[in-house]
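Taking it in order: structure first as structure tokens, then the write-up.
Here is how names work: the chains are called A, B, and so on, in the same order as the sequence lines, proteins then strands, and each is numbered from 1.
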Amino acid sequence: MKNKNGIANLYLVLVFVVLYAPIFYLMYYSFNSGGTMHKFEGFTLDYYREVLQDTRLIIIVINTLVIALLSSAIATLLAVIGALAIQRSRSRRSKNALLSLNNVLIVSPDVIIGASFLILFTIAGIKLGFTSVLLSHVAFSVPIAVLMILPHLQEMSPTLTDAARDLGASRLNVLTKVILPIIKPGIFSGFFMALTYSLDDFAVTFFVTGNGYSTLSVEIYSRARQGVSLSINALSTLIFLFTILLVIGYYFLNQRKSRPAGAVAEPAAEAGVPR
Amino acid sequence: MKQLVNAFLAILLVAFGLMFLGSRLNSAEGYTGGNTLTIYNWGDYIDPDLLEQFEKETGITVIYQTFDSNEAMLTKVEQGGTVFDVVVPSDYAIAKMREENLLLPLDHSKIPNLANIDSRFMDLSFDPGNKYSVPYFWGTVGIIYNPEMTGDIDFSSWDSLWDSRLNNNIFLVDGAREVMGMALNSLHYSVNDTNEEHLQEALSKLNKLSPNVKAIVGDEIKMLLANEEAAVGIVWSGDASEIMDENDKLDYVVPEEGSNKWFDNMVIPQTAANVEGAHKFIDFMLRPEVAAQNAEYVGYSTPNVPALALLPEDISGDERFYPPAAITDRLEVYDNLGKRMLAHYNELFLKFKMNKK
């Protein structure tokens, strides 16, 4: 029994090594004074200095974050409404049809979505730039967020809403006090999925950027033609550390809340809802 | 519910905070002012200090955007929706853009520094009279090889590639024009040959090369060659200089029979908003000091004659990248062969690839 566990652990360690090795490799060479990723010559912070001094790059990073945050927030909002609509639809057939339409958007290739957005925006006379990137990111994030929220809605027992209605809750009360708290984990995971999708999307974004507006993935991709400069390594390291901090922060937030006698008191209306 | 609303508000707050910060940075850099010039160039294909210098001199703010392939650039320019003032496409893309009326004719009186360009690189088939384009960088297609692995094979002729000692030791770049052109050159035909018999001859000669070819690859050819995965590669000179930067054992040669020479040229698209500024920028880039500084930074060959004199001897004297006129005269630019002939080239190249297994 113990042996079996050992193998399983070894496997797990191996998987994590494979997953993280390239990232650490990249981070390691961001300190290389040699300028290439072949031989480590000496320690330097030059590339970090270069990144921090490159205003254009910093503006691009800010653009990327703004787009990611705004688009995933809007997309999650729309997805909640969409998921509720799909769940409410009476006939099984229309429900399936809506779900399939949602899934088609997830599996259809990014290049096609990007190209069609480009055509749409130019026909509609929307100038390429912030608006076009935001709209397209919202659009491709909604189906993902819907998919994260729906299972939570389906798991929810219908008796809960019935009971709430019987006890005299209004439609709005049922939504805000019963349904939303129950699907909250789904909403958050939908938001974070949308966030990561938006942060690293290249194919769609490439088509809809323009007029001096760019995001990180597009910028790095076009810089890579000349071989990836180590300042990109430095930037990636910074972003990686930032994400780690976010994840750790999220973890501690959750830890505190899941303690039995939590510091955060649950509102009375939510107290009765099973988690 | 409260938590959801709070989270939502917090996200919006952070987003708008960042947006404010971004716009502050933008206006500090002057990107939001009226007097701007948008340049669309290959990634990392200009010395950023030069952009700053240009901004200081003219008071024009430069917005610099990048692309990674001619095709991607063409899509963006054709589709519209975004305004570019100066674009830097390659030769065949310029021919295509000219055909589709995407370019603005240049006012040569506003580009006095055009006189600095070597006459060998002017008035070429993709733009007769340089009506629409001005050379930016140029290069060749040739053989890069690792003397330690190839021994005493002399690569001054394309025929050396067929040497049986190179079995499974050659990387080819994945381009129909490059590979077909190489085969045509080795038979002493033009890279633009359209004679069916010659093309078939080239194909059968290529098929004989198959045992020597290890793989036909894209951009990763640079990494593979630098890591010594094979002894020989057919590459563009720009790639060659990068590979040699990473691994100085390698050497580059343009075979005697002839080869292709390529150009990246500056053009002004029809949709340009700041035509005056675009001319100023083109003239600025043609200044000898500027061209020399840029060539040193990017590492490609400059077509600017007085700039050559300003470059360090070990760059300008390097005949691998600045071949003497005797060689460049034998090099040819790819003509626009038309859709049908190009398709035929692709088909022949595909036949070769399938035959290779």
*Roughly how far, to the nearest 0.5 Å, is the CD1 atom of A/I60 from the CG atom of B/L25?*
12.0 Å

*Go through the atoms of A/L77 and report whether side chain, backbone, both or neither lie under 4.5 Å from a heavy atom of chain B.*
side chain

*Rounded to the nearest 0.5 Å, what's the gap from CG on A/L69 to CZ on B/F16? Could you check?*
10.5 Å

*Could you tell me which portion of A/T209 (side chain, backbone, both or neither) has an atom closer than 4.5 angstrom to a non-hydrogen atom of chain B?*
both

*Looking at A/V66 and B/M19, what are the two nearest heavy atoms and their distance?*
CG2-N, 3.7 Å

*Taking all heavy atoms of B/I11 and all of A/A73, pick out the closest pair and write down the distance.*
CG2-CB, 4.0 Å

*Could you tell me whether B/Y252 atom OH has more than 12 heavy atoms of other residues or ligands within 6.0 Å of it?*
yes

*State, yes or no, whether a side-chain contact exists between A/L70 and B/L12 at a heavy-atom distance under 4.5 Å.*
yes

*Given a strict heavy-atom distance threshold of 4.5 Å, which part of A/I187 is in contact with chain B: side chain, backbone, both, or neither?*
side chain

*Let me know if A/F206 has heavy atoms under 4.5 Å from chain B in its side chain, its backbone, both or neither.*
both

*Out of curiosity, B/L4 CG to A/L180 CG, how far, rounded to the nearest 0.5 Å?*
6.0 Å

